[in-house]
Amino acid sequence: MNNRRQNYNPTAPQRREFLIGATATAATLAVGTTQAWAQAASAPFTLPALPYKYDALAPVIDSQTMTIHHTKHHQAYIDKLNAAVADHADLAAMPVESLLKKLDQIPESIRTAVRNHGGGHANHSLFWKVMQPVSTSSTIPAALADAIKSKFSSFDNMREAFNTAAGGQFGSGWAWLVTGDGGLEIVATANQDSPLSMGKTPILGIDVWEHAYYLNYQNRRADYVAAFWQVVNWDQVGKNFAAA
């Protein structure tokens, strides 16, 4: 007879059940994550990567503001735009700029969503590009400099008009340097409205929604607008002007 006592663990069944449950949960999460990645990859509109690090614009724009602004606010516009065009394959296949240029042709049921969220996507996509790290410098290309002088008499006059538009925008919105049939012009738009819907092409813009500056500047919008000029990427603005 074998007199050796076998070890008895009263918690073994519970542990086995826990491990089985944990494995199932992990598998479910993995499948959910894979599905989310697949959905994001198949979405017609996606979040563009920044051309610099989140802290590259500090102290003009701090890292936390950039992170939240890019990954939360901009991503939310994209998610809602994708939802708006989900049942419209023809619209989903178009660049967002084209949607904004023909808002009057967008089905009325989703027109406001495309205006708001498509505008938010297009506006921010340009905004990230027209800024550069504070450690980088650029000069205004000759063709753009000549156009600014022709329209505004001087760069300082253009900047003053831009700052006035940005500071005077009631509530949330944007200030823009745009070009169109009348040449260069300073305009302001409310909320996420795009100059593209006005028949104008934005080449430089500043976001004056409070989420763009409030962590660093609180209610001092004028200070934020004045500091913005330190991070303007004139090479990119010049390319925007040439393309327009």
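Given the structure is predicted, the values throughout are model-derived calculations rather than measurements.
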Step through it carefully: locate the ring centre of Y214, locate the ring centre of W209, and say whether they are under 6.0 Å apart.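 When the ring centroids of Y214 and W209 are compared, they turn out to be at least 6.0 Å apart.
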Can you confirm whether the side chains of [X] and [Y] place a donor and an acceptor under 3.5 Å from each other?
| X | Y | result |
| --- | --- | --- |
| Q192 | N116 | no |
| W174 | D193 | no |
| D207 | H69 | yes |

Check whether [X] reaches the backbone of [Y] with its side chain - one donor and one acceptor, N or O, closer than 3.5 Å.
| X | Y | value |
| --- | --- | --- |
| N233 | V130 | no |
| S98 | M94 | no |
| T67 | S63 | yes |
| R221 | G168 | no |
| N157 | F152 | yes |

For atom CD of Q218, decide whether the heavy atoms of other residues, nucleotides or ligands shown that lie under 6.0 angstrom number more than 12.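 Count over threshold, so yes.
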Could you go step by step and tell me if T65 and Y213 meet the side chain to side chain contact (heavy atoms under 4.5 Å, CB included) rule? CA-CA 7 Å; T65 294; Y213 63 87; over 6 Å; no
Distance check, rounded to the nearest 0.5 Å: [X] atom [atom1] versus [Y] atom [atom2]?
| X | Y | atom1 | atom2 | value |
| --- | --- | --- | --- | --- |
| S109 | I106 | OG | CD1 | 10.0 Å |
| E185 | T201 | CD | OG1 | 11.5 Å |
| I68 | D62 | CD1 | CG | 8.5 Å |
| K102 | D104 | NZ | CG | 9.0 Å |
| T46 | N82 | OG1 | CG | 8.5 Å |
| L99 | H121 | CG | NE2 | 9.5 Å |

Is there a path of hydrophobic side-chain contacts, each under 4.5 Å between heavy atoms of I/L/V/M/F/W/Y residues, joining V178 to L100?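 Result: no, two separate clusters.
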What closest approach, in Å, do A166 and V225 show between heavy atoms, and which atom pair accounts for it?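 Closest heavy-atom pair between A166 and V225: CB-CG2, 3.8 Å.
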Minimum heavy-atom distance A161-I186, with the two atoms named: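 Taking A161 first and I186 second, the nearest heavy atoms are O-CG2, 3.7 Å.
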Do [X] and [Y] have side-chain heavy atoms sitting under 4.5 Å apart?
| X | Y | value |
| --- | --- | --- |
| I61 | Y224 | yes |
| F45 | V96 | yes |
| N123 | W176 | yes |
| Y217 | V60 | yes |
| H124 | Y77 | yes |
| M198 | T189 | yes |
| L177 | P202 | no |
| P107 | H88 | yes |

Scan the side chains in residues 47-57 for donor-acceptor partners under 3.5 Å anywhere in the protein, sequence neighbours excluded, and list what turns up.
unit_1 : atom_1 : unit_2 : atom_2 : d
Y52    : OH     : W128   : O      : 2.8
Y54    : OH     : H70    : ND1    : 2.8

Tell me every residue that passes side chain to side chain donor-acceptor pair (under 3.5 Å) with D156, counting only those two or more places apart in sequence or in another chain.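 With sequence neighbours excluded, D156 shows a side chain to side chain donor-acceptor pair (under 3.5 Å) to R159, given in chain and number order.
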Side-chain atoms of residues 134-145: list all donor-acceptor pairs with protein atoms under 3.5 Å, sequence neighbours left out, distances to 0.1 Å.
unit_1 : atom_1 : unit_2 : atom_2 : d
S138   : OG     : Q132   : NE2    : 3.2
S138   : OG     : W234   : N      : 2.9

